[in-house]
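Below, chains carry the letters A, B, ... as their sequence lines are ordered, and counting in each starts from 1.
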There are 2 protein chains.
Amino acid sequence: MASLHSIGDAAKQSGCTVQTIRYYERVGLIASPVRTSGNQRIYDADAVSHLAFIRHARALGFGLDAIRDLLGLSATPDRDCAQIDAIARTHLDAVRERISHLRALETELTRMIEACKNQTVSECRIVQVLSDHGMCASEH
Amino acid sequence: MASLHSIGDAAKQSGCTVQTIRYYERVGLIASPVRTSGNQRIYDADAVSHLAFIRHARALGFGLDAIRDLLGLSATPDRDCAQIDAIARTHLDAVRERISHLRALETELTRMIEACKNQTVSECRIVQVLSDHGMCASEH
DNA sequence: TGTGATACCTGTAGTCACTATAGCTTCAAG
DNA sequence: CTTGAAGCTATAGTGACTACAGGTATCACA
């Protein structure tokens with residue numbers, strides 16, 4: 001007794017939205033499911049698992065390209081998982097880079113805001129910093 | 001003797017690219033400059049200052065809507081700068097939220113990667129975590 | 001069997017802040 | 001006068017959705 005689901009059901013089970021599931025199909029992240037005689041999509045348990053997998057990976061910030069690779073690699077359970085590891089490590093590096101970029105911004109913003117003693121606009125440290133030629137925040 | 005600049009000049013002076021300057025004009029972030037008889041844009045020193053201001057604000061992560069407001073507020077030098085302060089603080093809050101979100105991801109990813117002892121895919125902790133129903137990373 | 005509510009379908013456009021391309025015109029130096 | 005750089009417009013692409021318009025299918029209930 002295979003459990004079959006409408007797209008609404010699959011959405012509830014996986015945590016994706018209905019539109020997002022259709023989007024994943026359109027960009028080839030999941031296979032096109034079979035349809036009813038009335039043209040409505042039907043998902044089996046495997047498809048729902050895939051959707052939950054995607055949802056979890058998205059929650060961890062993986063991009064769809066990385067997820068495509070992860071899904072492909074998960075399909076071969078006997079191979080070693082070095083490639084999966086590599087994808088995860090690459091993503092972790094990217095996350096760390098974004099954190100350090102944001103922390104630099106935080107420092108800069110904090111300094112600027114604290115320097116502003118709430119005077120007139122022309123004396124405002126924030127305006128001055130933004131107008132100054134000497135400013136050089138981190139690029140990229 | 002007003003110093004006048006071609007778009008390429010203005011780009012070099014401000015740090016924006018030529019295309020980006022045209023884009024800012026299109027979305028109404030800067031005023032449309034006057035043109036030469038040959039239809040080429042001419043920027044005065046004020047316009048170049050505005051572009052540099054925008055560039056600095058973008059480097060600090062402000063969105064274009066916030067920058068539009070900041071530019072408007074900077075134009076009235078005698079008012080008090082409370083609104084400018086508020087925009088900066090709002091942005092700082094957003095930056096801090098993004099940092100804490102990314103830090104949660106970092107923790108989760110690190111835990112996952114360390115748990116993986118480089119075995120087969122079917123034993124891979126990363127695949128298991130992503131497949132697990134029990135996972136609940138932070139939303140939004 | 002009719003009716004109405006809900007869920008489903010496709011296709012398109014909008015988000016953000018650019019970036020890149022194609023195909024053209026203008027300008028400045030030699 | 002020629003050549004190459006720089007300028008012009010208009011359009012499409014990025015990532016990962018989200019929202020809408022306008023239509024069809026399904027199901028519970030009367």
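Nearest-nucleotide positions on DNA chain C for B:Asp65 and B:Asn39 put B:Asp65 closer to the 5' end.
Residues B:Arg103 and B:Ile99 meet the side-chain proximity criterion, which asks for heavy atoms closer than 4.5 Å. Looking only at side-chain heavy atoms (C-beta outward), A:Val121 and B:Cys81 come within less than 4.5 Å of each other. Contact annotation: the side chain of A:Leu29 never approaches that of A:Tyr23 to less than 4.5 Å [non-hydrogen atoms, C-beta and beyond].
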Donor-acceptor pairs under 3.5 angstrom involving side-chain atoms of residues 110-117 of chain B: please list them, not counting sequence neighbours.
residue: B:Thr110; atom: OG1; partner: A:Arg96; partner atom: NH2; Å: 3.4
residue: B:Thr110; atom: OG1; partner: B:Glu106; partner atom: O; Å: 2.6
residue: B:Lys117; atom: NZ; partner: B:Glu114; partner atom: O; Å: 3.1

Take A:Asp44 and A:Val34, measure what side chain to side chain contact (heavy atoms under 4.5 Å, CB included) needs, and give me the verdict at the end.
CA-CA 9 Å; A:Asp44 60 20; A:Val34 292; over 6 Å; no
Given side chain to side chain contact (heavy atoms under 4.5 Å, CB included), test B:Ile30 with B:Ile21 step by step and report yes or no.
CA-CA 8 Å; B:Ile30 57 173; B:Ile21 294 173; 4.1 Å; yes
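In this structure, A:Tyr43 atom OH and C:dC9 atom C1' are separated by 12 Å, rounded to whole Å. Put simply, CG on B:Leu29 is 13 Å from P on C:dC16, counting in whole angstrom units. Taking atom CD1 of residue A:Ile42 and atom P of nucleotide C:dA7, one finds them 18 Å apart after rounding to whole Å. Atom pair A:Gln40:CD and C:dT10:C1' shows a separation of 13 Å (rounding to whole Å applied).
Think of the region where chain A sits on DNA chain D: with heavy atoms and a 4.0 Å cut, that region ends 5' and 3' at D:dA16 to D:dT26.
Between the side chains of A:Arg22 and A:Gln19, no donor-acceptor pair of N or O atoms lies under 3.5 Å.
Nearest approach of A:Leu60 to B:Glu108, heavy atoms of both residues: CD2-CG, 3.4 Å.
OP1 or OP2 of C:dT10 sits under 4.0 Å from a side-chain N or O of A:Arg41.
Contact check of residues 14-27 of chain B against DNA chain C (heavy atom, cut-off under 4.0 Å) returns B:Thr20, B:Tyr23, B:Tyr24.
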